[in-house]
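To find a chain, count down the sequence lines: A is the first, B the second, and so on, and within it residues start at 1.
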Amino acid sequence: MISGTPLSLYNTLTRTKEAFTPLDPDNVRMYVCGPTVYDFAHIGNARPVIVFDLLFRLLRHVYGADKVTYVRNITDVDDKINARALRDFPDLPLNEAIRRVTEKTESQFLSDVAALGTLEPTVQPRATDNIAEMQALIADLIAREHAYNANGEVLFAVDSMADYGQLSGRNLEDNLAGARIAIDAHKKNPADFVLWKQSAENEPGWDSPWGRGRPGWHIECSAMSERYLGQTFDIHGGGLDLIFPHHENEIAQSRCAHGTEVMAKVWMHNGFLQVEGQKMSKSLGNFVTINDLLQTGAMGGHAWHGEVLRLAMLMTHYREPIDFSVKRLEEAESKLRDWQRAARGAETGEADEPDASVLRELADDLNFHRASVALDLIAKKANRDEGHARQCLAATLQFLGFSLDSLLTSDEGWEEPPHIAAAIADRLAALNAKDFAKADTIRKDLAEQGIALMDYKDEAGARQTKWEIKR
RNA sequence: GGCCACGUGGCGGAGUGGUUACGCAGCGGAUUGCAAAUCCGUGUACUCCGGUUCAAUUCCGGACGUGGCCUCCA
């Protein structure tokens, strides 16, 4: 362990916080459920992306940047995708229509997510590139008598697994009590779920020993995690809502196919999100996509920087519910600006280490909020010019996925317009001549261009001016 | 009906069996030609009802409230 930081993570499987020990410190392996690419990702989708990016960064720091494998899948086979393809491209052949939908949505997702300050996962496999692996897994399950063929569907037999339901803490009787499971005559147990289903002519399908069809929802993650991470790996993450049935069924498939006791050692789940105190839904009209926030005034009347969204998301512990609101975004924005102001002028290099106290807080089940308190303290020291606080703050911000000037200068390709420097020089000359009227005029002109000027005195006591973009 | 979270001061949000969380906003002060930025100081809290305890916001039980899952929704 490079930094000697002991990690402790909350494990849904045991409902406790546990010391984390990787199976192989030279290859720490994490799988996170990624998007189904049929529509813009909403801000709820952004939460696991951001949370597990933070964990990825922490793991890379602790075990080494090249010793962590992070897999986030792209689900590009799904009935919602089919429906969208038929709706949007009714005149194209189905496969072509589907390809259009998934390619467009995937690239949109990747650019949205990049704006949130996230690193790219090591591998981002697509379901459609892993059909053969899924079929092999299903064949194994049938061979081991954990799956059966009925009515043209291959189903997983939950009764064949003694400890099915371990992750979600529910037993099969509980599920039946709800009486909301469709009783299908062809299922041996109503809780049995589909591994492979037949496709009609107008549905995408692949040839298989069980006829032309397509995979069930859960099997892709079992197949892809095995392919890239092995039969047993360290961490599996996703949203709270995936615990049941998705993750429960992934576990059932993988363990039964491989005859293993464990699929992933640690299961981590982020909490849900509301918008302005209400459940996010299209019918309530408060459905907000990442892209809306980055590009439009859908929330708060103007677009928000991706790093502001990142901070707004991390301000609350990942397992707690979040109420996503304009007020929260404003608070995140002013906090990030405070940090960037305090870090300004820092000279950073590759050797700069993130702050130890920040790392310590993050190592405690990703307690970002306590880490941010530590960051506030460093920022305060930086503002007082204490020691290496400024460098430390800058390095820590970058480690956490924030840039050093995104809120102080303009977004992309920003270069300081020469007239700003000239105007500042003119104004300083005016000030030294005690021509305050002229100085104020210059400041007002720049303010109208969105540039805020701030006077201060340098170490020699001479008057200086700095500037930043104001909103 | 079953299972699972959560309920902290104006807001955000940690944490703890007894001692200031912290941040934002507010207020007071310093600094400043003015302003901004920055620094210093400062008030308000733990949903309700029982129980355990010398002591509970923190443990236990219950109530109420909010949200999630049991419907291929992160």
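- As judged by a 4.0 angstrom heavy-atom cut-off over every strand, A/M454 is placed among the base-contacting residues.
- Straight-line distance between the P atoms of B/rC24 and B/rG13: roughly 16 Å, to the nearest whole Å.
- Residue contacts shown for A/L273 include a base, since a base heavy atom lies under 4.0 Å away.
- Taking 3.5 Å as the limit, the base of B/rA14 and the side chain of A/H317 contain no donor-acceptor pair of atoms between them.
- Checked for salt-bridge contact, A/R390 and A/D385 meet the test: a charged N lies under 4.0 Å from a carboxylate O.
- If you measure from atom CD of A/Q340 to atom C1' of B/rU38, you get 17 Å, rounded to the nearest angstrom.
- Listed nucleotides: B/rG67, B/rC11, B/rG33. Nearest to the side chain of A/K327: B/rC11.
- Searching all strands for a Watson-Crick or G-U wobble partner of B/rC22 with both distances below 3.5 Å returns B/rG12.
- Closest approach to the A/F244 side chain among B/rG13, B/rA74, B/rC69 is made by B/rC69 (side chain taken as heavy atoms from C-beta onward).
- Distance alone, capped at 3.5 Å, is enough to place a donor-acceptor pair between the A/D234 side chain and the A/R29 backbone.
- When heavy atoms are screened at a 4.0 angstrom cut-off, A/T316 is found touching the sugar-phosphate backbone but no base atom.
- Across all strands shown, B/rG28 forms a Watson-Crick or G-U wobble pair, both distances under 3.5 Å, with B/rC40.
- Nucleic acid contact for A/E330: none, since no nucleic acid atom lies under 4.0 Å from a heavy atom of the residue.
- For B/rU42 and B/rG23, the P atoms lie 11 Å apart once the distance is rounded to whole Å.
- B/rA21 and B/rG62 have their P atoms separated by 30 Å, given to the nearest Å.
- Picking from B/rG23, B/rA14, B/rG33 the nucleotide with the shortest atom distance to the side chain of A/N367 gives B/rA14.
- Not a single donor-acceptor pair, N or O on each side, falls under 3.5 Å between the base of B/rA21 and the side chain of A/R370.
- The CZ atom of A/R443 sits 7 Å away from the C1' atom of B/rA36 (whole-angstrom rounding).
- In this structure, A/K335 reaches the sugar-phosphate backbone alone: every heavy-atom distance under 4.0 Å involves primed, P, OP1 or OP2 atoms, never a base.
- B/rG28 and B/rA63 have their P atoms separated by 48 Å, given to the nearest Å.
- Between A/K279 and B/rG68, a side-chain N or O to OP1/OP2 separation shorter than 4.0 Å is present.
- Residue A/E468 is classed as having no contact, given no heavy-atom separation below 4.0 Å to the nucleic acid.
- Listed nucleotides: B/rC39, B/rA74, B/rC4. Nearest to the side chain of A/R15: B/rC4.
- At a threshold of 4.0 angstrom between heavy atoms, the contacts of A/R463 include nucleobase atoms, whether or not backbone atoms are also involved.
- Comparing B/rC39, B/rG68, B/rA37 against the side chain of A/R341 picks out B/rA37 as the nearest.
- Applying the 4.0 Å criterion to OP1 and OP2 of B/rA74, one finds that A/N270 has every side-chain N and O outside that range.
- Nucleotides B/rG7 and B/rC46 place their C1' atoms 10 Å apart, quoted to the nearest Å.
- Spacing of C1' atoms, B/rC27 relative to B/rG10, comes out at 14 Å, to the nearest Å.
- In this structure, CZ of A/F324 is placed 20 Å from C1' of B/rU66, rounded to the nearest angstrom.
- Base engagement by A/R427 is indicated by at least one non-hydrogen atom pair under 4.0 Å involving a base atom.
- Using a cut-off of 4.0 Å between Lys/Arg side-chain N and Asp/Glu carboxylate O, A/E361 and A/R370 are scored as salt-bridged.
- Shown here, B/rU52 forms no base pair; nothing in the strands shown gives a Watson-Crick or G-U wobble contact with both key distances under 3.5 Å.
- As rounded to the nearest Å, B/rC6 and B/rU58 have C1' atoms that lie 16 Å from one another.
- Nearest nucleotide to the side chain of A/F272, out of B/rU66, B/rG68, B/rG23: B/rG68.
- The nucleotide B/rU58 finds no pairing partner, because no Watson-Crick or G-U wobble arrangement with both distances shorter than 3.5 Å includes it.
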Report the C-alpha distance between A/D53 and A/R57 in whole Å, list the side-chain angles of each, state the deciding distance to 0.1 Å, and finish with yes or no for salt bridge (charged side-chain N to carboxylate O under 4.0 Å, His left out).
-> CA-CA 6 Å; A/D53 175 71; A/R57 288 168 180 272; 2.9 Å; yes
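- Contacts of A/R319 with the nucleic acid, taken as non-hydrogen atoms under 4.0 Å apart, are absent.
- Look at CG on A/L377: it is 10 Å from C1' on B/rC22, rounded to the nearest Å.
- Per the geometry, CZ belonging to A/R344 stands 9 Å off C1' belonging to B/rA37, to the nearest Å.
- The distance between atom CG of A/D365 and atom C1' of B/rG15, rounded to the nearest whole Å, is 14 Å.
- Note: A/H218 and A/F193 have perpendicular aromatic rings, judged against thresholds of 30 and 60 degrees for the angle between ring planes.
- At the phosphate of B/rC40, OP1 or OP2 sits under 4.0 Å from a side-chain N or O atom of A/K380.
- Within the 4.0 angstrom heavy-atom criterion, no nucleotide atom of any strand lies near A/I243.
- Ring planes of A/W304 and A/H302: tilted class, angle from 30 to 60°.
- In this structure, A/R310 contributes its side chain and A/L116 its backbone to a donor-acceptor pair below 3.5 Å.
- Within the 4.0 Å cut-off from OP1 or OP2 of B/rA37, not a single side-chain nitrogen or oxygen of A/R337 is found.
- Both distances falling under 3.5 Å, in either a Watson-Crick or a G-U wobble arrangement, place B/rG1 opposite B/rC70.
- In the set B/rG68, B/rC40, B/rG13, the nucleotide with an atom closest to the side chain of A/H369 is B/rG13.
- Atom name P, nucleotides B/rC70 and B/rA74: the rounded distance is 12 Å, in whole Å.
- A/L240 has its CG atom 9 Å from the P atom of B/rC69, to the nearest Å.
- For B/rC11, the base has no donor-acceptor partner in the side chain of A/R328 [N/O atoms by modelled type, under 3.5 angstrom].
- Under the Watson-Crick or G-U wobble criterion, with both distances below 3.5 Å, B/rA45 has no partner in any strand shown.
- Using a 30° and 60° split on the angle between ring planes, A/F287 and A/H42 fall in the perpendicular class, above 60°.
- In this structure, A/F233 and A/Y31 have tilted ring planes: the angle between them lies in the 30° to 60° band.
- Between the CG atom of A/D323 and the P atom of B/rG7 there is a distance of 14 Å, rounded to whole Å.
- If you check distances only, the side chain of A/D338 never reaches the base of B/rG23 with a donor-acceptor pair under 3.5 Å.
- Across all strands, A/D241 comes closer than 4.0 Å to base atoms (heavy-atom distances).
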